[in-house]
Number of protein chains: 2
Amino acid sequence: MNTRGEMWQAEILRVLNRHHTPISAYDVLETLRETHEKISPPTIYRALSALTKRGRVHRVESLNAFIACQCGQHQHTSILSICEDCGAVEESVAPKILKDLSSVIGKSGFSPMRHVIEVHGTCASCGSRKAQS
Amino acid sequence: MNTRGEMWQAEILRVLNRHHTPISAYDVLETLRETHEKISPPTIYRALSALTKRGRVHRVESLNAFIACQCGQHQHTSILSICEDCGAVEESVAPKILKDLSSVIGKSGFSPMRHVIEVHGTCASCGSRKAQS
DNA sequence: CGCGCAATGTTATATAGTAACGTAATCGCA
DNA sequence: TGCGATTACGTTACTATATAACATTGCGCG
(Lines give C-alpha, C1' and ligand atoms only; values in the text may rest on other atoms or scores of the structure.)
Protein backbone atom coordinates (compact mmCIF):
# COMPACT_ATOMS: atom_id res chain seq x y z
CA MET A 1 0.00 0.00 0.00
CA ASN A 2 1.05 3.58 0.43
CA THR A 3 3.86 2.60 2.74
CA ARG A 4 6.02 5.56 1.82
CA GLY A 5 3.40 8.16 2.61
CA GLU A 6 2.53 6.52 5.89
CA MET A 7 6.17 6.30 6.75
CA TRP A 8 6.60 10.04 6.38
CA GLN A 9 3.58 10.64 8.52
CA ALA A 10 5.00 8.45 11.27
CA GLU A 11 8.38 10.12 11.10
CA ILE A 12 6.88 13.57 11.21
CA LEU A 13 4.63 12.67 14.08
CA ARG A 14 7.67 11.48 15.98
CA VAL A 15 9.41 14.78 15.36
CA LEU A 16 6.38 16.75 16.48
CA ASN A 17 6.04 14.66 19.60
CA ARG A 18 9.52 15.57 20.66
CA HIS A 19 8.42 19.19 21.10
CA HIS A 20 5.96 20.76 23.46
CA THR A 21 5.57 23.80 21.29
CA PRO A 22 4.33 24.19 17.73
CA ILE A 23 6.99 23.95 15.08
CA SER A 24 6.96 25.07 11.50
CA ALA A 25 6.84 22.79 8.51
CA TYR A 26 10.34 23.89 7.66
CA ASP A 27 11.62 23.01 11.12
CA VAL A 28 10.27 19.53 10.51
CA LEU A 29 11.94 19.56 7.13
CA GLU A 30 15.31 20.47 8.56
CA THR A 31 15.06 17.84 11.24
CA LEU A 32 14.19 15.13 8.76
CA ARG A 33 16.94 16.21 6.44
CA GLU A 34 19.42 15.03 9.04
CA THR A 35 18.40 11.49 8.26
CA HIS A 36 16.84 11.85 4.80
CA GLU A 37 18.89 14.20 2.73
CA LYS A 38 16.62 14.53 -0.23
CA ILE A 39 13.28 15.24 1.37
CA SER A 40 11.52 18.34 0.10
CA PRO A 41 8.69 20.69 1.12
CA PRO A 42 5.78 19.06 -0.74
CA THR A 43 6.47 15.77 0.99
CA ILE A 44 6.30 17.47 4.36
CA TYR A 45 3.18 19.39 3.53
CA ARG A 46 1.42 16.36 2.10
CA ALA A 47 2.16 14.31 5.20
CA LEU A 48 1.20 17.16 7.49
CA SER A 49 -2.12 17.65 5.83
CA ALA A 50 -2.88 13.95 5.98
CA LEU A 51 -2.04 13.98 9.68
CA THR A 52 -4.16 17.04 10.17
CA LYS A 53 -7.08 15.48 8.36
CA ARG A 54 -6.78 12.44 10.61
CA GLY A 55 -6.67 14.63 13.70
CA ARG A 56 -3.21 13.55 14.82
CA VAL A 57 -1.79 16.97 14.26
CA HIS A 58 -3.22 20.42 14.68
CA ARG A 59 -2.28 23.27 12.48
CA VAL A 60 -1.92 26.40 14.56
CA GLU A 61 -3.26 28.97 12.14
CA SER A 62 -2.14 32.00 14.07
CA LEU A 63 1.46 30.76 14.08
CA ASN A 64 1.64 28.95 10.76
CA ALA A 65 2.94 26.00 12.69
CA PHE A 66 2.01 22.48 13.69
CA ILE A 67 1.70 20.53 16.89
CA ALA A 68 0.89 16.91 17.64
CA CYS A 69 -2.55 16.32 19.07
CA GLN A 70 -2.04 15.82 22.77
CA CYS A 71 -5.36 14.41 23.80
CA GLY A 72 -6.42 10.81 23.55
CA GLN A 73 -9.41 11.39 21.33
CA HIS A 74 -8.33 12.82 18.06
CA GLN A 75 -10.68 13.94 15.33
CA HIS A 76 -12.59 16.56 17.29
CA THR A 77 -12.07 20.26 17.18
CA SER A 78 -9.75 21.48 19.88
CA ILE A 79 -9.39 24.84 21.49
CA LEU A 80 -5.75 25.81 21.58
CA SER A 81 -4.36 28.01 24.35
CA ILE A 82 -1.04 29.41 23.29
CA CYS A 83 1.32 30.90 25.86
CA GLU A 84 3.13 33.83 24.33
CA ASP A 85 5.90 33.60 26.90
CA CYS A 86 6.97 29.98 26.71
CA GLY A 87 5.20 28.89 23.52
CA ALA A 88 3.44 25.99 25.18
CA VAL A 89 0.08 25.02 23.79
CA GLU A 90 -2.70 23.42 25.74
CA GLU A 91 -5.67 21.72 24.17
CA SER A 92 -9.18 21.92 25.50
CA VAL A 93 -12.30 20.21 24.32
CA ALA A 94 -15.55 22.05 24.92
CA PRO A 95 -18.48 20.78 22.89
CA LYS A 96 -20.78 23.25 24.53
CA ILE A 97 -18.81 26.20 23.25
CA LEU A 98 -18.82 24.77 19.76
CA LYS A 99 -22.56 24.35 19.96
CA ASP A 100 -23.09 27.89 21.18
CA LEU A 101 -20.79 29.13 18.49
CA SER A 102 -22.68 27.26 15.80
CA SER A 103 -25.95 28.59 17.05
CA VAL A 104 -24.73 32.19 17.12
CA ILE A 105 -23.35 32.15 13.62
CA GLY A 106 -26.12 29.85 12.41
CA LYS A 107 -28.65 32.62 12.99
CA SER A 108 -27.75 34.12 9.65
CA GLY A 109 -27.94 30.77 7.89
CA PHE A 110 -24.24 30.04 7.94
CA SER A 111 -23.40 26.38 8.25
CA PRO A 112 -20.04 25.69 9.89
CA MET A 113 -17.67 23.01 8.70
CA ARG A 114 -14.45 23.69 10.53
CA HIS A 115 -13.69 25.69 13.63
CA VAL A 116 -10.49 27.53 14.39
CA ILE A 117 -10.30 28.60 18.01
CA GLU A 118 -6.97 29.80 19.28
CA VAL A 119 -6.39 31.86 22.37
CA HIS A 120 -3.17 33.71 22.98
CA GLY A 121 -2.19 34.63 26.49
CA THR A 122 -0.07 33.53 29.40
CA CYS A 123 -0.04 30.04 30.84
CA ALA A 124 -0.27 29.32 34.54
CA SER A 125 3.42 28.84 35.19
CA CYS A 126 4.56 31.85 33.19
CA GLY A 127 1.82 33.91 34.81
CA SER A 128 2.93 33.09 38.34
CA ARG A 129 6.55 33.60 37.42
CA LYS A 130 5.70 37.11 36.29
CA ALA A 131 3.52 37.92 39.27
CA GLN A 132 6.41 37.00 41.54
CA SER A 133 8.87 39.51 40.11
CA MET B 1 2.10 64.53 13.28
CA ASN B 2 2.63 61.20 11.63
CA THR B 3 0.63 62.27 8.62
CA ARG B 4 2.34 59.87 6.25
CA GLY B 5 1.62 56.80 8.33
CA GLU B 6 -1.97 57.83 8.84
CA MET B 7 -2.32 58.50 5.17
CA TRP B 8 -1.28 54.96 4.33
CA GLN B 9 -3.73 53.61 6.84
CA ALA B 10 -6.54 55.58 5.26
CA GLU B 11 -5.59 54.48 1.77
CA ILE B 12 -5.38 50.86 2.78
CA LEU B 13 -8.66 51.00 4.60
CA ARG B 14 -10.24 52.37 1.45
CA VAL B 15 -8.84 49.48 -0.57
CA LEU B 16 -10.07 46.93 1.96
CA ASN B 17 -13.50 48.49 2.01
CA ARG B 18 -13.86 48.00 -1.70
CA HIS B 19 -13.87 44.23 -1.15
CA HIS B 20 -16.28 42.00 0.64
CA THR B 21 -13.74 39.26 0.99
CA PRO B 22 -10.40 39.17 2.78
CA ILE B 23 -7.46 40.19 0.67
CA SER B 24 -3.80 39.56 1.19
CA ALA B 25 -1.27 42.18 2.10
CA TYR B 26 0.27 41.75 -1.32
CA ASP B 27 -3.05 42.35 -3.06
CA VAL B 28 -3.22 45.63 -1.18
CA LEU B 29 0.32 46.33 -2.24
CA GLU B 30 -0.42 45.74 -5.90
CA THR B 31 -3.49 47.90 -5.78
CA LEU B 32 -1.65 50.77 -4.17
CA ARG B 33 1.20 50.46 -6.60
CA GLU B 34 -1.16 51.61 -9.31
CA THR B 35 -1.13 55.04 -7.74
CA HIS B 36 2.07 54.94 -5.67
CA GLU B 37 4.78 53.23 -7.61
CA LYS B 38 7.37 53.00 -4.93
CA ILE B 39 5.42 51.57 -2.02
CA SER B 40 6.91 48.46 -0.47
CA PRO B 41 5.87 45.59 1.83
CA PRO B 42 7.00 47.02 5.18
CA THR B 43 4.86 50.10 4.63
CA ILE B 44 1.83 47.92 4.01
CA TYR B 45 2.49 45.69 6.97
CA ARG B 46 3.13 48.59 9.31
CA ALA B 47 -0.11 50.25 8.33
CA LEU B 48 -2.03 46.99 8.52
CA SER B 49 -0.81 46.24 11.98
CA ALA B 50 -1.67 49.71 13.17
CA LEU B 51 -5.15 49.31 11.71
CA THR B 52 -5.45 45.90 13.31
CA LYS B 53 -4.37 47.23 16.67
CA ARG B 54 -7.01 49.94 16.38
CA GLY B 55 -9.65 47.39 15.47
CA ARG B 56 -10.41 48.84 12.04
CA VAL B 57 -9.09 45.78 10.31
CA HIS B 58 -9.16 42.12 11.18
CA ARG B 59 -6.43 39.77 10.27
CA VAL B 60 -7.90 36.48 9.13
CA GLU B 61 -5.33 34.09 10.53
CA SER B 62 -6.55 31.05 8.71
CA LEU B 63 -6.23 32.80 5.35
CA ASN B 64 -3.25 35.05 5.97
CA ALA B 65 -5.39 37.90 4.78
CA PHE B 66 -7.08 41.06 5.98
CA ILE B 67 -10.57 42.48 5.98
CA ALA B 68 -11.99 45.78 7.10
CA CYS B 69 -14.00 45.65 10.29
CA GLN B 70 -17.59 45.74 9.22
CA CYS B 71 -19.32 46.45 12.47
CA GLY B 72 -19.83 49.82 14.03
CA GLN B 73 -18.04 49.07 17.26
CA HIS B 74 -14.45 48.31 16.60
CA GLN B 75 -11.94 47.22 19.20
CA HIS B 76 -13.72 44.10 20.39
CA THR B 77 -12.95 40.56 19.40
CA SER B 78 -15.05 39.36 16.52
CA ILE B 79 -16.04 35.91 15.44
CA LEU B 80 -15.42 35.52 11.74
CA SER B 81 -17.56 33.20 9.62
CA ILE B 82 -15.81 32.50 6.38
CA CYS B 83 -17.69 31.07 3.43
CA GLU B 84 -15.47 28.68 1.54
CA ASP B 85 -17.58 28.99 -1.58
CA CYS B 86 -17.82 32.73 -2.10
CA GLY B 87 -15.16 33.95 0.31
CA ALA B 88 -17.50 36.28 2.13
CA VAL B 89 -16.82 36.91 5.77
CA GLU B 90 -19.38 37.77 8.35
CA GLU B 91 -18.59 39.20 11.76
CA SER B 92 -20.37 38.28 14.92
CA VAL B 93 -19.96 39.61 18.40
CA ALA B 94 -20.74 37.24 21.22
CA PRO B 95 -19.40 38.30 24.60
CA LYS B 96 -20.98 35.30 26.24
CA ILE B 97 -18.96 32.89 24.15
CA LEU B 98 -15.78 34.75 24.95
CA LYS B 99 -16.61 34.55 28.62
CA ASP B 100 -17.33 30.84 28.46
CA LEU B 101 -14.16 30.34 26.52
CA SER B 102 -12.12 32.22 29.07
CA SER B 103 -13.63 30.25 31.87
CA VAL B 104 -12.94 26.92 30.18
CA ILE B 105 -9.34 27.63 29.45
CA GLY B 106 -8.92 29.58 32.66
CA LYS B 107 -9.45 26.41 34.67
CA SER B 108 -5.84 25.52 34.16
CA GLY B 109 -4.65 28.99 35.11
CA PHE B 110 -4.24 30.28 31.60
CA SER B 111 -5.00 33.96 31.21
CA PRO B 112 -6.17 34.94 27.75
CA MET B 113 -5.10 38.10 25.99
CA ARG B 114 -6.26 37.70 22.44
CA HIS B 115 -8.87 35.47 20.87
CA VAL B 116 -8.84 34.06 17.39
CA ILE B 117 -12.18 32.56 16.44
CA GLU B 118 -12.73 31.73 12.81
CA VAL B 119 -15.32 29.39 11.43
CA HIS B 120 -15.14 28.01 7.94
CA GLY B 121 -18.26 26.79 6.25
CA THR B 122 -20.95 27.80 3.82
CA CYS B 123 -22.91 31.02 3.99
CA ALA B 124 -26.66 31.19 3.66
CA SER B 125 -26.80 32.14 0.01
CA CYS B 126 -24.19 29.65 -1.13
CA GLY B 127 -25.87 26.98 0.97
CA SER B 128 -29.27 27.48 -0.64
CA ARG B 129 -27.73 27.68 -4.07
CA LYS B 130 -26.18 24.27 -3.49
CA ALA B 131 -29.30 22.72 -2.01
CA GLN B 132 -31.20 23.74 -5.11
CA SER B 133 -29.04 21.84 -7.56
C1' DC C 1 2.39 -8.36 -20.15
C1' DG C 2 1.19 -3.75 -20.43
C1' DC C 3 -2.32 -0.17 -19.84
C1' DG C 4 -4.01 3.26 -16.71
C1' DC C 5 -4.64 5.27 -12.30
C1' DA C 6 -3.07 7.05 -8.05
C1' DA C 7 0.68 8.10 -4.98
C1' DT C 8 5.11 10.07 -4.54
C1' DG C 9 9.32 12.61 -5.95
C1' DT C 10 11.38 16.78 -7.90
C1' DT C 11 12.00 21.28 -9.60
C1' DA C 12 10.77 25.59 -9.63
C1' DT C 13 8.25 29.35 -8.20
C1' DA C 14 4.65 31.88 -5.86
C1' DT C 15 3.21 34.07 -1.69
C1' DA C 16 3.86 36.05 2.98
C1' DG C 17 6.51 38.52 6.28
C1' DT C 18 10.53 40.91 8.49
C1' DA C 19 15.43 42.44 9.69
C1' DA C 20 18.37 45.96 9.28
C1' DC C 21 19.77 50.20 8.30
C1' DG C 22 19.56 54.98 6.42
C1' DT C 23 17.04 59.26 6.37
C1' DA C 24 13.79 62.66 7.70
C1' DA C 25 10.56 64.68 10.73
C1' DT C 26 9.60 65.92 15.53
C1' DC C 27 10.20 66.89 20.28
C1' DG C 28 12.57 68.46 24.54
C1' DC C 29 15.14 71.80 26.23
C1' DA C 30 18.87 75.26 27.13
C1' DT D 1 16.08 79.59 17.93
C1' DG D 2 19.44 75.88 17.55
C1' DC D 3 20.69 71.34 18.38
C1' DG D 4 20.93 66.67 20.19
C1' DA D 5 17.95 62.76 20.95
C1' DT D 6 14.20 60.14 19.66
C1' DT D 7 10.89 58.22 16.87
C1' DA D 8 8.56 57.44 12.42
C1' DC D 9 9.20 56.27 7.86
C1' DG D 10 11.51 54.60 3.46
C1' DT D 11 14.31 51.21 1.14
C1' DT D 12 16.85 47.17 0.29
C1' DA D 13 17.44 42.81 0.83
C1' DC D 14 16.34 38.71 2.65
C1' DT D 15 13.94 34.82 5.19
C1' DA D 16 9.99 31.96 5.78
C1' DT D 17 5.86 29.61 4.19
C1' DA D 18 3.37 27.15 0.73
C1' DT D 19 2.02 25.20 -3.68
C1' DA D 20 1.89 24.46 -8.97
C1' DA D 21 3.31 21.62 -12.34
C1' DC D 22 5.28 17.93 -14.19
C1' DA D 23 8.15 13.46 -13.95
C1' DT D 24 8.39 9.02 -12.09
C1' DT D 25 7.17 5.07 -9.69
C1' DG D 26 4.51 1.38 -8.29
C1' DC D 27 0.41 -1.15 -8.28
C1' DG D 28 -4.29 -3.12 -9.71
C1' DC D 29 -6.29 -5.44 -13.15
C1' DG D 30 -7.93 -7.10 -17.84
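Residue numbers begin at 1 in each chain, while the letters A, B, ... track the order of the sequences.
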Given DNA chain C, 5'-ward residue of the pair Leu63(B) and Pro42(B), judged by closest heavy atom: Leu63(B)
Minimum-distance nucleotide to Thr43(B) side chain [options: dT10(C), dT19(D), dT11(D)]: dT11(D)
Any Arg46(B) side-chain N or O less than 4.0 Å from OP1/OP2 of dT7(D): no
Aromatic ring of Tyr26(B) stacked on base six-ring of dT15(C), 5.5 Å, 30°: no
Selected nucleotide, minimal atom distance to Ser40(A) side chain, candidates dT10(C), dT17(D), dT11(D): dT10(C)
Phosphate OP1/OP2 of dA8(D) contacted by Trp8(B) side-chain N/O (<4.0 Å): no
Euclidean distance, atom NZ of residue Lys38(B) to atom C1' of dA13(D) [Å, nearest integer]: 14 Å
Rounded interatomic separation in angstrom, taking CD from Glu61(B) and P from dT17(D): 14 Å
Gap between atoms CD1 and P, on Ile39(B) and dG10(D) respectively (whole Å): 8 Å
Qualifying residue, where the test is side chain to side chain donor-acceptor pair (under 3.5 Å) with Glu118(B) and the options are Ser62(B), Ser81(B), Ser78(B): Ser62(B)
Nucleotide dA18(D), atom C1' - distance to CG of Asn64(B) in whole Å: 10 Å
Whether Asn17(A) side chain and Leu13(A) backbone form a donor-acceptor pair below 3.5 Å: yes
Glu61(A) with Arg114(A): basic N within carboxylate O range, under 4.0 Å: yes
Parallel, tilted or perpendicular: rings of His58(A) and His76(A) (30°, 60°): tilted
Rounded distance (Å) that lies between atom P of dG9(C) and atom NE2 of His36(A): 10 Å
Separation of dG9(C) P from Arg33(A) CZ (nearest whole Å): 13 Å
Length of the line joining Arg59(A):CZ and dT19(D):C1', which is rounded to integer Å: 12 Å
Rounded distance (nearest 0.5 Å) linking atom CD1 of Ile79(A) with atom CD1 of Ile105(B): 7.5 Å
Given dG17(C), dA20(C), dT8(C), the nucleotide with the shortest approach to the side chain of Tyr45(B): dG17(C)
Gap between atoms CE and P, on Met7(B) and dA25(C) respectively (whole Å): 13 Å
